[in-house]
Amino acid sequence: TDAKAAQAVTDMIDALGEITLEKEADVAAARAAYDELTDAQKALVTEETLKKLTDAEAAIEELKKQDEWSYEDVAEDDWFYDEVYFVTEKDLMTGIVPKEIFGPFEKLNRAQFATILYRMEGCPQIEYQAAFPDVEENQFYTEAVEWANENGIVTGYQNTGLFDPAKTISREEMAAMLYRFAAYKKYDVKAEADMSAFPDGINVSAYAEDAVKWIVAEGLVTGEQGKL
């Protein structure tokens with residue numbers, strides 16, 4: 001009968017219990033059994049039971065993704081866990097040792113940040129132009145820096161003509177690159193925050209003022225201990 005068929009599927013879903021990767025086949029079997037029910041039979045399966053199934057499927061997918069990378073230095077209760085998961089899933093960042101050590105407390109250098117933006121753009125093909133004497137061919141960041149320079153996202157240091165790829169990127173340099181990238185993408189970059197709320201706002205370099213005002217206004221940067 002319809003009631004028995006619906007109850008059998010309900011029992012399968014209830015039996016799933018705590019979801020682990022070992023339960024993937026059981027979850028798939030429960031979904032297949034539910035899908036085989038007629039509309040009348042599906043109507044007898046409660047919304048609560050169906051939610052258990054969909055939650056179980058979502059949990060399996062999450063566990064499978066986590067199983068693909070397991071950073072030793074990123075715990076699920078870290079405030080940056082979701083962000084690390086996102087940039088890894090999108091192939092924007094790979095970690096110091098790919099899929100093993102992320103280095104969340106390591107400093108980011110200028111070449112690395114240019115590479116992130118380049119990957120966000122889909123790594124377009126670029127012809128090496130030797131835009132900067134300290135950006136040689138066949139480095140992991142070469143195409144990224146060349147692309148960023150070609151599109152006005154990075155300009156290098158005017159006093160030296162160098163890009164300085166290994167230099168730790170400052171917050172205002174990061175803001176400037178993000179701002180220029182957003183402008184390159186034709187996003188609205190008109191928003192401006194009131195910098196008087198930050199005591200160190202007066203220390204922002206002239207070249208980065210608009211960029212910092214924009215990223216603060218957009219909530220991309222919130223400051224730390226009241227400072228930028």
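For reference, positions follow the sequence shown, starting with 1. Just so it is clear, the values below take in all heavy atoms, side chains as well, and ignore hydrogens, waters and symmetry mates.
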Checklist entry - Can K90 and R119 be said to form a side-chain contact (heavy atoms from CB on, under 4.5 Å), step by step? => result CA-CA 9 Å; K90 299 297 183 181; R119 290 171 178 167; over 6 Å; no

Close side-chain approach of [X] and [Y], heavy atoms under 4.5 Å:
X    : Y    : result
W214 : L220 : yes
E121 : F181 : yes
R171 : V221 : yes
E173 : F113 : no
I96  : F102 : no
V87  : E83  : no
E57  : T54  : yes

Indicate if [X] and [Y] have the same hydrophobic cluster label, given that clusters are the connected sets of ILVMFWY residues with side-chain heavy-atom separations under 4.5 angstrom.
X    : Y    : result
M174 : F86  : yes
V212 : I202 : no
L108 : V145 : yes
M120 : I215 : yes
I126 : L92  : yes

Euclidean distance, [Y] [atom2] relative to [X] [atom1], rounded to 0.5 Å:
X    : Y    : atom1 : atom2 : result
D14  : L53  : CG    : CG    : 10.5 Å
T10  : Y34  : OG1   : OH    : 9.5 Å
K42  : D2   : NZ    : CG    : 12.5 Å
Y179 : K213 : OH    : NZ    : 10.0 Å
Y184 : I153 : OH    : CD1   : 6.0 Å
L117 : R180 : CG    : CZ    : 11.0 Å

Ignoring hydrogens, what is the shortest heavy-atom contact between [X] and [Y]? Give both atom names and the distance.
X    : Y    : answer
P133 : L162 : CG-CD2, 3.3 Å
I13  : T49  : CG2-O, 3.5 Å
N203 : E172 : O-OE1, 4.4 Å
L16  : A56  : CD1-CB, 4.1 Å
A6   : Q41  : CB-O, 3.5 Å
D73  : P104 : OD2-CD, 3.2 Å

Next on the checklist: Pair Y157, R110 - check side-chain contact (heavy atoms from CB on, under 4.5 Å), show working.
Outcome noted: CA-CA 12 Å; Y157 293 106; R110 289 166 54 81; 3.4 Å; yes

Checklist entry - Does D78 reach the main-chain N or O of A75 with its side chain, forming a donor-acceptor pair under 3.5 Å? => result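 Side chain of D78 to backbone of A75: a pair is present.
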
Checklist entry - Would you say Q112's side chain and N109's backbone share a donor-acceptor pair under 3.5 angstrom? => result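 It does hold such a pair.
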
Checklist entry - Does the side-chain contact (heavy atoms from CB on, under 4.5 Å) test come out yes or no for K64 and I60, once each step is laid out? => result CA-CA 6 Å; K64 287 169 65 176; I60 288 293; 3.7 Å; yes

Checklist entry - Under the side chain to side chain donor-acceptor pair (under 3.5 Å) rule, what pairs show up with a residue in residues 124-153, not counting sequence neighbours? => result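 Sorted pair list: Y118-E143.
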
Next on the checklist: For Y81 and Y85, take the angle between the two ring planes, folded into 0 to 90°, and tell me which bin it lands in: parallel under 30, tilted 30 to 60, perpendicular over 60.
Outcome noted: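 Parallel, since the angle between the ring planes stays under 30°.
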
Next on the checklist: For F132 and F163, take the angle between the two ring planes, folded into 0 to 90°, and tell me which bin it lands in: parallel under 30, tilted 30 to 60, perpendicular over 60.
Outcome noted: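 Geometry flag for F163 against F132: tilted rings.
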
Checklist entry - Looking at residues at least two apart in the chain, or sitting in another chain, which of them share a side chain to side chain donor-acceptor pair (under 3.5 Å) with D194? => result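 Only S196 meet the side chain to side chain donor-acceptor pair (under 3.5 Å) criterion with D194.
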
Item to check | Test log, rule salt bridge (Lys or Arg N to Asp or Glu O under 4.0 Å), inputs E48 and K51 | outcome: CA-CA 5 Å; E48 181 181 357; K51 185 176 186 303; over 6 Å; no

Next on the checklist: With a sphere of 6.0 Å drawn around NZ of K167, does it hold more than 12 non-hydrogen atoms of other residues, nucleotides or ligands?
Outcome noted: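 For K167, atom NZ is crowded (more than 12 foreign heavy atoms under 6.0 Å).
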
Next on the checklist: Is it true that T155 and Y207 share a donor-acceptor pair across their side chains at a distance under 3.5 Å?
Outcome noted: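 No donor-acceptor contact under 3.5 Å links the two side chains.
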
Checklist entry - Is it the case that T20 and E22 place a side-chain donor and acceptor less than 3.5 Å from each other? => result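 The answer is yes; a qualifying pair exists.
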
Next on the checklist: Let's go through V204 and F198 carefully: what are the C-alpha distance in whole Å and the side-chain angles of both, what is the deciding distance for side-chain contact (heavy atoms from CB on, under 4.5 Å) to 0.1 Å, and is it a yes or a no?
Outcome noted: CA-CA 11 Å; V204 176; F198 300 95; over 6 Å; no

